[in-house]
Protein chains: 4
Amino acid sequence: MSEKRLHILEVAEQLFYEKGFEGTSVRDIANTASVNLAMISYYFGSKEKLLTALVEWRAGYIQGVLNELVTDETLDPFEKIDRLVNLYTDKIFNHSRFHCIMTTHLPTIQSEKIKQLMTDIKLRNLDNIRRIITEGQKKGFFRKVDIELTVASIMGTITHITSSKPLYYKIYGIERNNAEAYNKKIAPKLKTHLKQLLRTHLDIKSDTGML
Amino acid sequence: MSEKRLHILEVAEQLFYEKGFEGTSVRDIANTASVNLAMISYYFGSKEKLLTALVEWRAGYIQGVLNELVTDETLDPFEKIDRLVNLYTDKIFNHSRFHCIMTTHLPTIQSEKIKQLMTDIKLRNLDNIRRIITEGQKKGFFRKVDIELTVASIMGTITHITSSKPLYYKIYGIERNNAEAYNKKIAPKLKTHLKQLLRTHLDIKSDTGML
Amino acid sequence: MSEKRLHILEVAEQLFYEKGFEGTSVRDIANTASVNLAMISYYFGSKEKLLTALVEWRAGYIQGVLNELVTDETLDPFEKIDRLVNLYTDKIFNHSRFHCIMTTHLPTIQSEKIKQLMTDIKLRNLDNIRRIITEGQKKGFFRKVDIELTVASIMGTITHITSSKPLYYKIYGIERNNAEAYNKKIAPKLKTHLKQLLRTHLDIKSDTGML
Amino acid sequence: MSEKRLHILEVAEQLFYEKGFEGTSVRDIANTASVNLAMISYYFGSKEKLLTALVEWRAGYIQGVLNELVTDETLDPFEKIDRLVNLYTDKIFNHSRFHCIMTTHLPTIQSEKIKQLMTDIKLRNLDNIRRIITEGQKKGFFRKVDIELTVASIMGTITHITSSKPLYYKIYGIERNNAEAYNKKIAPKLKTHLKQLLRTHLDIKSDTGML
DNA sequence: CATGAATGAGGGTTCATTCAT
DNA sequence: AATGAATGAACCCTCATTCAT
């Protein structure tokens with residue numbers, strides 16, 4: 001992939017993140033990327049195909065490592081959950097702009113192709129986590145929980161944090177748009193919170209007989 | 001507020017939910033609402049002011065009851081949390097379209113006024129929940145947790161569920177766009193899940209000394 | 001139909017005649033007609049629909065009178081042919097620009113709707129003339145000729161004259177673009193030529209037994 | 001001329017015929033001809049020069065034989081007319097696409113050079129036919145007719161037939177775009193029709209004293 | 001000789017908004 | 001109060017062409 005093509009994708013990601021897909025014009029992207037307007041059609045065919053290219057380029061970012069984690073035999077279920085939290089938090093924080101696009105802007109895109117792509121990714125993620133929890137249950141470490149909603153709590157918490165940056169900038173007194181400082185400050189807190197939340201949630205010893 | 005004005009707001013909410021703010025044209029709204037195109041500028045001044053009017057109209061939906069809950073002296077902290085979960089889940093599910101607009105589409109709006117409005121609402125919500133948890137801690141029921149991130153888990157979980165409808169339609173085998181069936185099936189599950197998650201998370205007896 | 005709408009149609013006709021449909025931009029039309037660019041979409045929906053509107057507006061110009069002619073019982077077949085020639089020549093000369101668009105530019109339009117519209121008009125014209133000739137044959141005035149090709153000779157001759165103006169300007173020494181002088185000079189000649197051509201062609205007494 | 005150059009010309013002819021000059025993009029031609037886009041400018045300089053090259057390549061198709069015919073001393077005037085009809089019909093049918101481009105699309109081209117080229121060709125054709133008819137008149141076979149309009153009838157009839165294919169496909173029940181079947185069926189009919197039309201038109205014995 | 005990359009101009013269309021009535 | 005007509009700006013995209021290699 002040519003360097004210019006990559007540059008366009010990066011710029012598009014930034015602008016889609018800031019202003020949404022519909023709110024970003026191809027002219028915006030061309031100007032910001034210091035690229036001729038026609039180049040974008042030349043490289044990608046259309047604005048929507050540019051978005052598709054962006055999704056295809058970034059979508060793999062969460063795969064791979066996850067598979068290793070799931071099949072690792074040396075870790076006990078709690079360790080796996082901890083690693084899972086680390087993994088997801090890091091991945092999402094490192095690609096927070098794209099993650100925001102995925103979760104907030106893509107749903108409004110009318111393209112069925114993109115919708116299908118997104119649903120597939122989410123289903124695969126869900127499936128991997130499901131296997132970790134199920135394994136923990138079989139081994140007697142975890143109690144019975146609603147797996148889909150547990151996943152929703154993990155993903156939802158991280159998403160909430162990444163997509164409510166303006167709010168948390170204020171709460172934590174971080175200067176606006178200093179994303180690096182934000183990540184550095186929030187990521188460890190978030191990991192600790194999620195690990196603790198999931199430990200008490202999953203630990204069979206926590207069972208209060210509520211369900 | 002005139003009936004026609006309300007009708008326009010309802011139609012706008014539906015369309016903003018489906019296609020985003022930028023993806024919805026004033027013509028769309030006028031046609032769908034069977035209203036003259038010029039009426040919308042006439043009533044609201046501009047497209048952005050229409051959105052502001054929508055936010056102001058709907059934003060109060062979570063207030064009021066929450067204040068009562070916080071200051072209610074007859075409930076113990078766990079009961080307050082349970083009520084809080086019921087309250088939020090119901091409110092958000094009953095206004096899921098508007099909630100989606102708030103969490104997914106509004107962040108891209110460039111208007112500072114709207115951003116400020118949203119941040120205010122979120123801060124107020126956060127503050128109310130913070131008071132419930134702090135009270136529980138003072139009374140010795142709750143242990144020390146990261147309050148901001150706990151709120152993030154509550155809001156994030158609900159948001160994740162409401163904004164990933166297409167995915168959960170598939171998982172739970174609900175026919176597409178049957179929002180009522182979705183709410184009826186998911187809401188009780190979600191309430192139970194959140195209550196349990198928060199009970200073990202907050203209960204001082206669950207403290208594993210992780211923090 | 002509003003005056004402005006009519007004006008746009010007239011301007012479009014002139015420009016389509018001069019430069020073809022594809023060679024004429026909507027901006028051309030808007031500027032020439034001193035009309036805002038967006039008005040054209042406002043009135044007609046699209047460039048192609050503007051063309052359709054033009055066709056529908058002008059297409060009736062040959063109808064009506066033709067029907068009267070066909071059913072007129074007081075004229076003998078040769079008189080009917082003479083009148084037919086007068087009628088067609090006048091009509092086409094009076095709308096020569098539109099006639100050129102019909103015969104030369106429309107065939108390249110990809111729109112099936114317009115193609116169908118044109119074919120219908122031509123078929124109806126053909127049918128009317130066929131009835132005149134058939135009637136003349138039944139009454140024993142006309143001999144057996146290939147009717148379709150006879151019509152082709154009538155229409156083709158007129159079309160050739162109207163669409164080869166630059167050539168005939170030169171031949172007849174008329175100053176360029178003086179359409180009025182052209183029509184005044186050529187129309188009578190053309191009528192005489194066609195009447196004579198058709199008389200000898202159709203007259204049963206001319207039959208040389210070639211067919 | 002290189003083979004590739006010829007191929008480009010053939011493809012261009014086909015596309016100009018189908019969609020007009022302005023309606024055909026250089027990309028269309030390049031893709032259809034499986035040739036690099038830049039090749040076309042490389043070979044021909046510009047789109048308009050490509051058209052000029054096409055005209056120059058094909059324009060000679062009617063020349064040559066005609067000169068022989070005019071100066072042939074062994075044929076009587078009627079035989080010359082018959083041969084002329086055969087010659088023109090065959091030539092035009094064999095190059096019907098180019099003939100259509102000449103008569104329908106070229107007039108909109110703004111290039112003065114091309115217009116001049118076309119006018120020259122037409123004038124030369126007119127002149128040749130004029131000499132045949134004049135000769136027939138001098139020898140006492142033909143009566144006095146309007147020569148220019150007689151030529152218009154010949155050319156116009158053939159042009160009408162070749163440029164109204166869609167109509168005649170329908171009339172004669174030929175499957176669409178089967179040009180070969182069309183030519184095979186129509187050409188003989190057309191020749192017979194024109195010969196008969198011209199014989200009675202020109203024959204001094206047909207003179208009805210109308211003129 | 002040939003081509004992928006790049007460009008400025010212009011294409012048709014839609015936008016949110018305003019005006020005259 | 002209410003609306004059809006009108007507008008300037010901007011939309012995404014494609015155009016014919018050129019240039020460096």
Side-chain angles (χ1 to χ4, degrees), chain A residues 2-5 8 21-31 33-51, chain B residues 2 4-5 8 12 21-31 34-51, chain C residues 2-5 8 12 19 21-31 33-51, chain D residues 2 4-5 8 12 21-31 34-51:
Chain A
S2 90
E3 207 170 312
K4 192 174 276 187
R5 218 183 110 103
I8 294 172
F21 178 74
E22 301 282 352
T24 302
S25 76
V26 178
R27 266 175 185 76
D28 273 347
I29 299 171
N31 289 337
S34 298
V35 159
N36 184 280
L37 172 63
M39 281 307 303
I40 282 151
S41 289
Y42 178 75
Y43 271 132
F44 300 97
S46 72
K47 190 186 174 186
E48 191 166 298
K49 282 179 187 166
L50 163 61
L51 176 60
Chain B
S2 89
K4 195 176 274 187
R5 219 182 108 101
I8 294 172
F21 178 74
E22 301 282 353
T24 302
S25 76
V26 178
R27 261 176 187 74
D28 271 348
I29 300 171
N31 289 337
S34 300
V35 159
N36 183 279
L37 172 62
M39 280 302 305
I40 283 156
S41 292
Y42 179 75
Y43 268 137
F44 298 97
S46 74
K47 189 186 174 187
E48 192 167 295
K49 283 178 186 165
L50 163 62
L51 177 60
Chain C
S2 91
E3 207 170 311
K4 192 174 276 188
R5 218 184 110 103
I8 294 172
K19 313 200 282 182
F21 178 74
E22 302 280 355
T24 302
S25 76
V26 178
R27 274 173 179 78
D28 272 349
I29 300 171
N31 288 336
S34 299
V35 158
N36 183 280
L37 172 61
M39 281 306 303
I40 283 153
S41 289
Y42 179 74
Y43 271 133
F44 301 97
S46 72
K47 189 186 176 188
E48 191 166 297
K49 283 179 186 165
L50 163 62
L51 177 60
Chain D
S2 88
K4 194 175 272 187
R5 220 183 109 102
I8 294 172
F21 178 74
E22 300 282 353
T24 302
S25 75
V26 179
R27 261 176 187 74
D28 271 348
I29 300 171
N31 289 337
S34 300
V35 160
N36 183 278
L37 172 61
M39 280 302 305
I40 282 154
S41 292
Y42 180 76
Y43 267 136
F44 299 97
S46 72
K47 189 186 175 186
E48 192 165 295
K49 283 180 186 163
L50 163 62
L51 176 61

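Order of the sequence lines sets the chain letters (A, B, ...), proteins ahead of strands, with each chain counted from 1.
Side chains of A/L50 and A/V26 form no contact here, defined as non-hydrogen atoms less than 4.5 Å apart. Under the 4.5 Å side-chain criterion, counting only non-hydrogen atoms from C-beta, B/R27 is in contact with B/L37. Proximity of D/I8 to D/F44: side-chain heavy atoms (C-beta onward) are separated by under 4.5 Å at one or more points.
In the interface, the side chain of A/R27 is not paired with the base of F/dA10 through any donor and acceptor atom under 3.5 Å apart.
Residue B/F44 contributes atom CZ, which lies 13 Å from atom P of E/dT17 at whole-angstrom precision. Following rounding to the nearest Å, D/L51 (CG) and F/dA16 (P) show an atom-to-atom distance of 13 Å. Taking atom CG of B/N31 as the reference point, atom C1' of F/dT3 lies 14 Å away to the nearest angstrom. As rounded to whole Å, 15 Å separates atom P of F/dC15 from atom CG of D/L50. Per the geometry, NZ belonging to D/K47 stands 8 Å off P belonging to F/dT17, to the nearest Å. Here the C1' atom of nucleotide E/dA6 and the CD1 atom of A/I8 are 11 Å apart, to the nearest Å. Rounded to whole Å, the distance from CD on A/E3 to P on E/dA5 is 14 Å. To the nearest angstrom, P of F/dG4 lies 14 Å from CE of C/M39.
E/dA2 and F/dT21 make up a base pair, with Watson-Crick or G-U wobble contacts both under 3.5 Å.
Among F/dC12, F/dT17, E/dT3, the nucleotide with an atom closest to any side-chain atom of D/S41 is F/dT17. If you check F/dT17, E/dG10, F/dA6 against the side chain of A/L37, the one that comes closest is E/dG10. Taking only side-chain atoms of B/A38, from C-beta outward, the nucleotide of E/dG10, F/dC15, E/dT18 with the closest atom is E/dT18.
Listed pair A/Y42 / F/dT14 fails the phosphate criterion, with no side-chain N or O lying under 4.0 Å from OP1 or OP2. Between D/S25 and F/dT14 there is no side-chain polar atom (N or O) within less than 4.0 angstrom of OP1 or OP2. Between F/dA6 and C/K4, a contact under 4.0 Å exists linking OP1 or OP2 to a side-chain N or O.
Counting any heavy atom pair closer than 4.0 Å across all strands shown, B/I40 reaches no nucleic acid atom.
Checking side-chain atoms of D/K4 against main-chain N and O of D/V35 turns up no donor-acceptor pair under 3.5 Å.
Nearer the 5' end of DNA chain F, as judged by each residue's closest nucleotide, is the contact made by C/N36, out of A/G45 and C/N36. Nearest-nucleotide positions on DNA chain E place D/V35 closer to the 5' end than the other of D/V35 and C/T24. Looking at which nucleotide of DNA chain F each of B/Y43 and A/E22 is closest to, the 5′-most match is held by B/Y43.
In this structure, D/I40 CD1 and D/S25 OG are separated by 9.0 Å, a value rounded to the nearest 0.5 Å.
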